[in-house]
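Some notes on the structure that comes next.
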Amino acid sequence: MTTPFTAPKGTYDLLPPASEEFLAVVNALSRPAELAGYQYVQTPMFEDTALFTRSVGESTDVVSKEMYTFEDKGGRSLTLRPEGTAGVIRAVVEHNLLAGQLPVKLWYTGPNFRYEAPQSGRYRQHVQVGIEAIGVDDPALDAEVIATAAEGFRALGLTQARLLLNSLGDATCRPAYRERLQEFLGGLDLDADTRRRAEINPLRVLDDKRPEVRAQLAGAPLLADNLCEACREHYDEVRGYLKELGVQWEEAPRLVRGLDYYTKTTFEFQHDGLGSQSAVGGGGRYDGLVESVGGPALSGIGFGLGVDRTMLALRAEGIAVADPARCQVFIVPLGAAKARAVTLAGELRRAGVSTDLAYGGRGLKGAMKAADRSGARYAVVIGERDLEGGTAQLKDLASGDQVAVPLTDAVSTIQEKLS
RNA sequence: GUGGCUGUAGCUCAGUUGGCAGAGCACCGGGUUGUGGUCCCGGGUGUCGCGGGUUCAAAUCCCGUCAGUCACCCCA
């Protein structure tokens, strides 16, 4: 079928029942954060373009070629957020939250936008659930953040999400390592694009997937062997706390993430059932980020989990997130009893009973069919004959048992039966 | 951005060497003028992605385009 309008390329509509599953996934991924004391924060979906170029980094693909940037009528350059952390840090700095008790612990959810070639698991608009813990550089906090992400996946029943862990070093050890790596890469036979990347962002070359590149990288120096004393200690402590928390991980010395602000602890959750877009979440510590957007020189750590990809992972593992019945009670009015049926629906809803009703003057058979499809436990049939006697027919849809109940007691009777 | 594959009903898909647009599921109605699920009967709900070309004739062949998908790249 052809309609005049379709969802823009790389986007999709979330319809029932998948949309219900989406809400359940957002809840499951954010509940562990709330249990760990993170509070909800909401920031704009677009920000000053410079916020992203400065924080995410101009050398990243995200900034250099994937941003939805536009000028508004006031001549400002704005960008739809390509990731969640920068806006949250901006808000924290703008409102001086770091002057209060530290760490500042926040969680958020919402869409991010990137102009990419769409593919299964890769969309131009995708939703993340994320948390940020800002202002304290404590390895126990790194472990908390990682464990919080892991708990979200665990609560959903995912068993094939693997946690990859690495340390990217800091301003003390990374520059020297970077030079060593660059020197090593300079001696390899690489294509023009990769050579350029080696110049701008040499660490990125490490997680190139092409076999011919991988083979050459076999002897590359690894950051793990070049960490300064402080970073090594930090990383060791993080691993110690993770062990305490019962979180399993794999060492991934070549794990590098696409955003430039990460330092020290870096992690990614991968799921093998998703094809080439295997990352379902990731994050890390960011030492210089707060300062780069005008705040104090304080460190922070956070993650972003992909809701869309988590849903794909659930499907890949054959996990169905419970699809609750649309309502508990379904009312079937006949003829002139409609007004009383509408009234009863209102009474039931006010009493906290989820209630739907057959609209559109369907026949009794069709209305009962609708009652069945709704998943309701009870159907209430009200016809003119019942009205005369001041009653309604209350039918248990599972057993088929039906009793007449006085309309005056209908709400309390139903509440009793449902409890 | 580059390359491969695929677009037929709401969904999953069939459609032969070019010859009237199909099935299952879903949906609606009836069998039962006041009772759902099972069963029976009936109903196709369609711009064959879109545009052009070849042909007496195109879902089918050719070109273009859009979208999806897979891989690279990148990432959630």
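Chain identifiers are assigned alphabetically (A, B, ...) following the order of the sequence lines, protein sequences preceding nucleic acid strands; residue numbering begins at 1 within each chain.
- Heavy-atom distances under 4.0 Å link RNA chain B to no residue of residues 411-419 of chain A.
- Each ring-ring contact (aromatic ring centres under 6.0 Å, His included) pair with one or both residues in residues 131-166 of chain A, not counting sequence neighbours, appears once here: A/Phe153-A/Phe269.
- For A/Lys65, the side chain to side chain donor-acceptor pair (under 3.5 Å) partners at least two apart in sequence or on another chain are A/Asp61.
- Legend: residues meeting ring-ring contact (aromatic ring centres under 6.0 Å, His included) with A/Phe70, ordered by chain and number and at least two apart, are absent.
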Please output the side-chain donor-acceptor pairs of residues 280-294 of chain A that fall under 3.5 Å, not counting sequence neighbours, one pair per line with the distance.
{"unit_1": "A/Arg285", "atom_1": "NE", "unit_2": "A/Asp137", "atom_2": "OD1", "d": "3.4"}
{"unit_1": "A/Arg285", "atom_1": "NE", "unit_2": "A/Asp142", "atom_2": "OD1", "d": "3.1"}
{"unit_1": "A/Arg285", "atom_1": "NE", "unit_2": "A/Asp142", "atom_2": "OD2", "d": "3.1"}
{"unit_1": "A/Arg285", "atom_1": "NH1", "unit_2": "A/Val136", "atom_2": "O", "d": "3.3"}
{"unit_1": "A/Arg285", "atom_1": "NH1", "unit_2": "A/Ser299", "atom_2": "OG", "d": "2.7"}
{"unit_1": "A/Arg285", "atom_1": "NH2", "unit_2": "A/Val136", "atom_2": "O", "d": "3.4"}
{"unit_1": "A/Arg285", "atom_1": "NH2", "unit_2": "A/Asp142", "atom_2": "OD1", "d": "2.6"}
{"unit_1": "A/Tyr286", "atom_1": "OH", "unit_2": "A/Glu132", "atom_2": "OE1", "d": "2.5"}
{"unit_1": "A/Asp287", "atom_1": "OD1", "unit_2": "A/Lys264", "atom_2": "NZ", "d": "3.4"}
{"unit_1": "A/Asp287", "atom_1": "OD1", "unit_2": "A/Ser299", "atom_2": "OG", "d": "2.8"}
{"unit_1": "A/Asp287", "atom_1": "OD2", "unit_2": "A/Thr263", "atom_2": "OG1", "d": "3.4"}
{"unit_1": "A/Asp287", "atom_1": "OD2", "unit_2": "A/Lys264", "atom_2": "NZ", "d": "3.0"}
{"unit_1": "A/Ser292", "atom_1": "OG", "unit_2": "A/Leu289", "atom_2": "O", "d": "2.8"}

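- When each of B/A76, B/G34, B/G68 is scored by its nearest atom to the side-chain atoms of A/Pro118, the top-ranked nucleotide is B/G68.
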Just to be sure I follow the notation: if a pair is Watson-Crick (purine N1 to pyrimidine N3 plus N6-O4 or O6-N4) or a G-U wobble (N1-O2 and O6-N3), each under 3.5 Å, what dot-bracket string does RNA chain B give, with | for pairs to another strand? (((((((..((((.....[..)))).(((((.......))))).....(((((..]....))))))))))))....
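- Distances from the side chain of A/Asp61 to the nucleotides B/C74, B/U35, B/G68 place B/C74 closest.
- Of the residues in residues 22-31 of chain A, not one comes within less than 4.0 Å of RNA chain B through any heavy atom.
- Contacts of A/Glu317 classified as side chain to side chain donor-acceptor pair (under 3.5 Å), with partners at least two apart in sequence or in another chain: A/Thr159, A/His271.
- Distances from the side chain of A/Leu364 to the nucleotides B/G36, B/C73, B/U35 place B/U35 closest.
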N/O-N/O pairs, protein side and nucleotides 1-6 of chain B side, under 3.5 Å:
none

Reading 5' to 3' through nucleotides 26-32 of chain B, protein heavy-atom contacts under 4.0 Å coded B for base, S for sugar-phosphate only, - for none: -SSS-B-
If you look only at distance, which donor and acceptor atoms sit under 3.5 Å apart when one is on a side chain in residues 180-187 of chain A and the other is two or more places apart or in another chain?
{"unit_1": "A/Arg180", "atom_1": "NH1", "unit_2": "A/Asn226", "atom_2": "OD1", "d": "2.7"}
{"unit_1": "A/Gln182", "atom_1": "NE2", "unit_2": "A/Ala198", "atom_2": "O", "d": "3.0"}
{"unit_1": "A/Gln182", "atom_1": "NE2", "unit_2": "A/Glu199", "atom_2": "O", "d": "2.9"}

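- Judged as a ring-ring contact (aromatic ring centres under 6.0 Å, His included), and not counting sequence neighbours, A/Tyr359 has no contacts.
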